[in-house]
Amino acid sequence: MLIQDASRPGRRAAAQSPSPPTTLPDLPERFRRRRSPALPEVSELQAVRHYTRLSQKNFSIDTQFYPLGSCTMKYNPRACHALAMLPGFLARHPLAPDAHGQGLLACLYELQEIFKEVTGMPAVSLAPAAGAQGEFAGVAMIRAYHQARGDTARTQILVPDAAHGTNPASAVMCGFEVREIPTGADGDVDIAALRERVGPQTAGIMLTNPSTVGVFERGIDAIAATVHEAGGLLYYDGANLNAILGKVRPGDMGFDVIHMNLHKTFSTPHGGGGPGAGPVGVSRRLEPYLPVPIVERTEQGYRWLTERERPTSIGRLTAFGGNIGILLRAYVYARMLGREGMPRVAEYATLNANYLFKRLTEAGFEAAYPRRRASHEFIVTLRREAKELGVTAMDFAKRLLDYGFHAPTTYFPLLVPECLLIEPTETETKEELDGFVEALIKIRDEARTQPELVREAPHSLPVRRLDDVRAARRLDLAWRPTSNDGES
Amino acid sequence: MLIQDASRPGRRAAAQSPSPPTTLPDLPERFRRRRSPALPEVSELQAVRHYTRLSQKNFSIDTQFYPLGSCTMKYNPRACHALAMLPGFLARHPLAPDAHGQGLLACLYELQEIFKEVTGMPAVSLAPAAGAQGEFAGVAMIRAYHQARGDTARTQILVPDAAHGTNPASAVMCGFEVREIPTGADGDVDIAALRERVGPQTAGIMLTNPSTVGVFERGIDAIAATVHEAGGLLYYDGANLNAILGKVRPGDMGFDVIHMNLHKTFSTPHGGGGPGAGPVGVSRRLEPYLPVPIVERTEQGYRWLTERERPTSIGRLTAFGGNIGILLRAYVYARMLGREGMPRVAEYATLNANYLFKRLTEAGFEAAYPRRRASHEFIVTLRREAKELGVTAMDFAKRLLDYGFHAPTTYFPLLVPECLLIEPTETETKEELDGFVEALIKIRDEARTQPELVREAPHSLPVRRLDDVRAARRLDLAWRPTSNDGES
Amino acid sequence: MPFIPHTEADTADMLATIGVATLDDLFDEIPAGLRAGALDGIPPGLPEMDIARLMQARARADGQPICFVGAGAYDHHIPAAVWQIAARGEFYSAYTPYQAEASQGTLQLLFEFQSMMTALTGLAVSNASLYDGASGLAEALLMAVRANRGVTARRILVPRALHPAYRRTLTTLVASQGIELIPIAFDAATGQTPLAAVEEAAGGEPFAALVLPQPNFFGVLEEVDALTDWAQAQGALVVGVVNPVTLARLAPPGDWGTSGADIACGDVQPLGIPLASGGPYAGFLCCRQDLVRQMPGRLVGRTLDLDGRPGFSLTLQAREQHIRRAKATSNICTNQGLLVTAATIHLALLGQAGLARVADACRANTARLVDRLGEIPGIAPLFNGPTFHEQALRLPVPAAPLLQDLIADGILGGYDLGLEYPELGSAILVCATEVRTADEIDEYAARLRRLIEARGTPT
Amino acid sequence: MPFIPHTEADTADMLATIGVATLDDLFDEIPAGLRAGALDGIPPGLPEMDIARLMQARARADGQPICFVGAGAYDHHIPAAVWQIAARGEFYSAYTPYQAEASQGTLQLLFEFQSMMTALTGLAVSNASLYDGASGLAEALLMAVRANRGVTARRILVPRALHPAYRRTLTTLVASQGIELIPIAFDAATGQTPLAAVEEAAGGEPFAALVLPQPNFFGVLEEVDALTDWAQAQGALVVGVVNPVTLARLAPPGDWGTSGADIACGDVQPLGIPLASGGPYAGFLCCRQDLVRQMPGRLVGRTLDLDGRPGFSLTLQAREQHIRRAKATSNICTNQGLLVTAATIHLALLGQAGLARVADACRANTARLVDRLGEIPGIAPLFNGPTFHEQALRLPVPAAPLLQDLIADGILGGYDLGLEYPELGSAILVCATEVRTADEIDEYAARLRRLIEARGTPT
């Protein structure tokens, strides 16, 4: 039942609104709303019960192993939430003076410093509200850099074919043309192809390393040299930073700009799809273009630098300072890890991935890149199972839900057929990984003996498999007061 | 799986303990523990996931209609929790001086005043930690009163046979002998029997009104007169205060002492069985004996009165001030209700109970007291269903769980066979009550057509019906490090 | 090792299974020259106890001045239930609901949110949120340019009375796509954006869209009906920028003019999201049914499962970057799910009557504030146009030092309009939401009076 | 109507179904003369927003002095996860798990708690909690008297070195049952309860039980082995009163003497429960297996369901008041479920190693505190017996005004022992848990030194 279906005219959570004012200034008729908006009218208990029960219909890190590749579903420490939600932080208006935000700004400044150190980048801005905004900012800085030099012929951004969809989309949003680079059979970028495509038209290249196929790009030195020699810049998509945190620094690999997904590597909440935060780090030559605001430390204290103090900045990406509360959570997490904790993240994320990789391949599952070391994630292809048993990667994924595991990422990257992209993260136990291996083996057995069981999975969730085609064809995107479809 | 079964030697939620001290004072060998206590060794994510998932196995007010008679399972406002958990309240040490607790003491003082007004009692102590402790305190005050007058022959407390078990148990704890009074066929106390049993040996009578059979004791004036004339005092068990809150005051009915169950009438959390709080209100003649501490307002501010200032007090019931955090929640709730909200509680609790009563009796269920007005709760007896269909009240109760409703109280009061004591509370909607009626009708249909379905219920919960006999015969009360019974 | 569960025995077992000797061996494909050294610039790790102490001290240090500023972020009451439920692990730690069957909680909630936003804006479709109001407006404009097939000109008219931070954000986000943002002047007397100024900005040339804030940054109500009709008659789309709380009382974008605005957007912040120095907030975006395929961001649809029971899933994903890559409607990947969770619970707790009460209380409190401050010689409303719950005030002395003195007294007295509108002289924008008490308002007026009097006779 | 969902239409429909005209008609069985008038002494109802403002102001007003007091309530770090999970609606708003199948969450958690407490105390059985440590001790003594079939004397020996508030609580709760509480003196030099004093208190007569606090109120460790052996040799039961944090390092009651204490109890507060002015806390109670049927309070047992799978339910309910009424083991009806929920999560997060670290840090910090304060002329330990993490100190000037001056500086400097032990002169009991920093300790010492010096030369 939708909350709207529980609504009854005149019902109210009466403790939640102020008493009606005794006098009210005039509001001219032409500005007034004629009919009340059809918002739900429910009691406080109804709302609490409805959303508490709704929450129970979710899988989540706090309730299930969630090996969703590329998403780094590791434990989100509860302390990060509690400390970011301290009343002193929550009550501060974004336009309050810096003097009334020294506590906050100290955290943000120190977070900038931590990010500089761990990425090897000399300058950082925390402004981007998500990874994709970080990408936009990064590419916009590349554009600003070339433009400032009068180098206006650079209209192309190179992107590997395995890249996240955000890479080409962000490049286009910045006005660039996208040129794809193929991935070799070993998972590395095809450097010969890169050399063909690079040239005076090249503004830069966007790379994820480890790449989306779950391996470290071994030719990174050659790639960097090739692109730099052609006058292009290197963009590091930090989506997979968890794999190398504190072990290898993007700045040391030759990247000019990087974004970090804090909801991945820095364990901020995924929140059902957000909020993220996508801080960017840059080399010295891109520093003038960093998005605002940036926190500066002066003798008088911390202050926020804006467009005024940073006139060459690519500008402002959101109205205020970005997803501050998420930055605070990342700060708390980074301080709890400390310098010694950062490389451990990469080490144990990689340990868990390689252990799972080994156990699954030993159990007879086919790896997409069997001769490569897994990074923090790896790809299994179920093309044989799909062909021989008629049970697809999606069927395996749905059946895993019945076993109490969230599914890995399916059908990404697009270049591997029937694939599962599996990322266990460092916060899961060996026992949990072993249970997952056993479940996959059992599902393969089921696929052999009772394939319908797998094809029609899940069976134990609040709904059975949903008709996505119907969803797109017969669009039903909102409850309507007049509709009679309140049966859900 | 128990958290103990997830334990692995050497695993730790490392962020949760301090660094080991560099130097440690000597601890003589003879005082030292030889083996570490077998506490679980798990990661932070394991603990969070374990207890989050465990919580999902509970029914609760926040997730289900919970018409457990006599327990007043109404909405526990989330604001009460948030405001009682403010850091300023939580950080205060119980032995901090009153000057550093003026905010807290103001709340407690005002709560005392609110309770005086709504019970009609001139003096109140908030000290008892639960209803049963309130009963103990109340009876102890009755005892102190008689003793102070040298009236030492009063060794008996009268208790109706339908009373809560705590009543006789509390009387015994205070050193009294318990004499039962029968309940008449109409649900009222048998006044003739009372007159027989009352006398110079009578210290007092303990009454719940409305009584545990869900009706208002119509003879209350006669009872009060009878007991008072005999020199006894009247104790009001406030378990059912929700039914008459702000409509009738125990003080006006002639009671000398009352306890309130804050987790019932004042909506503090039930918490899986506690904490409760059982403030007591008394008439002037019992005031000298109130348990400590009590909050007093002076020109210099609020202060806590202890044994020192109240030498005739029955004393202290817990080490410090009782369940303060629960009192704060009750205070917030009482202030949100306000003077106009209190009688509404009784009105709508009674409306819901009588509506449900009417609908169920119209649907053919048998009421235990069909000719009486229901108070906030009422009794249905399924003796006919038990006899004709072989399906008991317990079976109905268990099957209700499958329908997503918590069961009413079963087999209490003891004097009605196969009974369900049903208390919907004022915070439930008409739709919820209608759904409950429909479920009971469906279950009765099932009892006729597929009785096994009902007898073996529940079917959709984390466990099926549990073997209570085995639990008591083969006592297994704790996980042991050496046991191999970790399969749960 | 905080957050890492591995015992030494686990690690040894796992390395043996993999067939390597050390953890470091797992990184053997990485060129040795690239390996990082010790991260000396990062302090050693802290137990939760220690970081908690530090954060508590810092949060306390920031103080909690009494807030009379709105200007795009509003200090509203948030029911305790909102964040207690939104922070439940099942909402807090779930990802984008790719596996619909295991994410019905988030999906249904997003569907309910979409339903609430369409109810508020009077438009047919809402997405599941964008980053914030300002970046959401940028997405709305990109969408309008894509959607407006009748006008190929990439020109958009943007009132100067739109929030300055929103205008700056537009410059960052849409200018690189060859879109020209043309400012429209406001009327110095009314504070409104007059039709004549819009016509002047358009300069007789085609334009793709007109941005219409209601109320505008000065709190002034625009003549949205006339402006909408005129712009649509020119073939442009109208993009309303609205505060959802005001929509309890103000005509929704869907009702503007003869046919309604085409797109509406704004910030969800006033619906249960704490001020929190500016984020995370969430942007909302609504549009006419026929524009849905140009919509950026997540959309949740209701459909049926194998048994024919209703359920919810992400839909029209073919618009999105993970499918369409370079041809996507946007590069956006996340929504602001956690904030939307809070906002949805918040709106369910308020309901239509509660939201109207909040809006009324804000208007009444701001009126009281303006009255009290207006009693001080030299203070008067800057504009005479109709306002909702914010008001621009002219001051008799320079605003900046005055605001500084006020904040030293624990009062955040207003937004200094001179920062972005130097032509307005000494003026501030004030707001008193439903959480401000009469005492606080009177106290502010009294202090302001003393501060101004201390500066001598007003000019 | 806060918290009441009824619309006018609902109410009308329901009254019609019932067959009455008004809500007031539902109270027609109540004698008219008894009906209450308006409750003028109670203020009108407040919206959540207003009560929140009031409570926030009051909580702030109470300040947060730096706490150097233990004395039965300890300022420990509580992981953020503890209360975020304990406050989940499914734990917070569930009742006593009467319907076991619908309460497996609470039941399993209570079983885990019982398991943790037996592990800590070294005894076989734990109940699911009592109100607090003091009232729990009273229940333990009633239990001991019932259980001790060898000794019919209702005499119990209680050290004066037991927490004074516990002794007062015992007087209230057990004296009315004809039980005599006989005080045992402590040694003025060591602060311990010597065997000789115990013998003297016993006076050669039979007694049912001996209470043994470890550490005692002064923080001093008692010679529990010798005392336990002696008391049991007299036919008495030994009831240990212990702080669960100290059990990470101290010999558990189950290991005291030759056969172990018979019963152990104490307060769960140090395990995840905030100080909160004294409550709600929770008492724990453990005992030997053969005493289980004398145990008061809830007990959760593991059993099997119809399918043979393990599950949990309340067991041995025949001991309890709702079954046995006047013959129950206690009138107790509730446990402190919510606090036990927090404590169980807390212990799971700490584990055995974490708890040991906490205990060690408390000992180290208190040692540092005693060292620093001991450098001030005239301050010295009051007793020379071995201590754990609290210490009694002699002061050179009167304690009460000194503590008052300290609190004015934001320091809760200690518990004034003179309040309950006038014979000890000017002395305080201090404690520094793991949350106290070296800076805080040094700052306290510096301030105390200044305050004492300002009072002139110590005598």
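Keep in mind the model is a prediction, meaning the values are calculated, not measured. Naming convention: chains lettered A, B, ... in sequence-line order (proteins, then strands); numbering from 1 in each chain.
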Under a 4.5 Å heavy-atom cut-off, does chain D meet the side chain of [X], its backbone, both or neither?
| X | answer |
| --- | --- |
| B:R359 | side chain |
| B:A106 | both |
| B:H100 | both |
| B:L475 | side chain |
| B:L401 | side chain |
| B:S19 | backbone |
| B:P458 | side chain |
| B:P87 | both |

Atom group of [X] that falls short of 4.5 Å from chain B, counting heavy atoms:
| X | answer |
| --- | --- |
| D:P44 | both |
| D:A81 | side chain |
| D:L247 | both |
| D:Y415 | side chain |
| D:V125 | side chain |
| D:V340 | neither |
| D:F388 | side chain |
| D:L54 | side chain |
| D:A282 | neither |

Would you give the length of the straight line joining atom [atom1] of [X] to atom [atom2] of [Y], rounded to the nearest 0.5 angstrom?
| X | Y | atom1 | atom2 | result |
| --- | --- | --- | --- | --- |
| B:L68 | D:Y95 | CG | OH | 7.0 Å |
| D:D10 | B:Y348 | CG | OH | 9.5 Å |
| D:L306 | B:R465 | CG | CZ | 7.0 Å |

Taking [Y]'s backbone N and O only, do any of them form a donor-acceptor pair with [X]'s side chain (distance below 3.5 Å, no angle check)?
| X | Y | answer |
| --- | --- | --- |
| D:S115 | B:A478 | no |
| B:E426 | D:I4 | no |
| D:T172 | B:R316 | yes |
| B:D476 | D:G301 | no |
| B:N58 | D:E90 | yes |
| D:E112 | B:I3 | yes |
| D:E101 | B:L461 | no |
| D:D62 | B:Q102 | yes |

Side-chain contact test, heavy atoms from C-beta onward, threshold under 4.5 Å: evaluate it for [X] versus [Y] and give yes or no.
| X | Y | result |
| --- | --- | --- |
| D:L39 | B:R249 | yes |
| B:R373 | D:F27 | no |
| D:R58 | B:L104 | no |
| D:L250 | B:R32 | no |
| D:T11 | B:L351 | yes |
| B:N323 | D:Q336 | yes |
| B:P18 | D:D360 | no |
| D:H6 | B:N352 | yes |

Is a salt bridge present between B:D62 and D:R88, judged by a nitrogen-to-oxygen distance below 4.0 Å?
-> no
Should D:D305 and B:R464 count as an ion pair when the cut-off is N to O under 4.0 Å?
-> no
Taking every heavy atom of B:T318 against every heavy atom of D:A134, the minimum-distance pair comes out as C-CB, 4.2 Å
If you look at every heavy atom in B:N76 and D:S93, which pair is closest and at what distance?
-> OD1-CB, 3.6 Å
Is the B:F320 ring parallel, tilted or perpendicular to the D:H163 ring (thresholds 30°, 60°)?
-> perpendicular
Sort out for me which of B:L95, B:V178, B:T23 touches chain D most, counting heavy-atom pairs under 4.5 Å.
-> B:L95
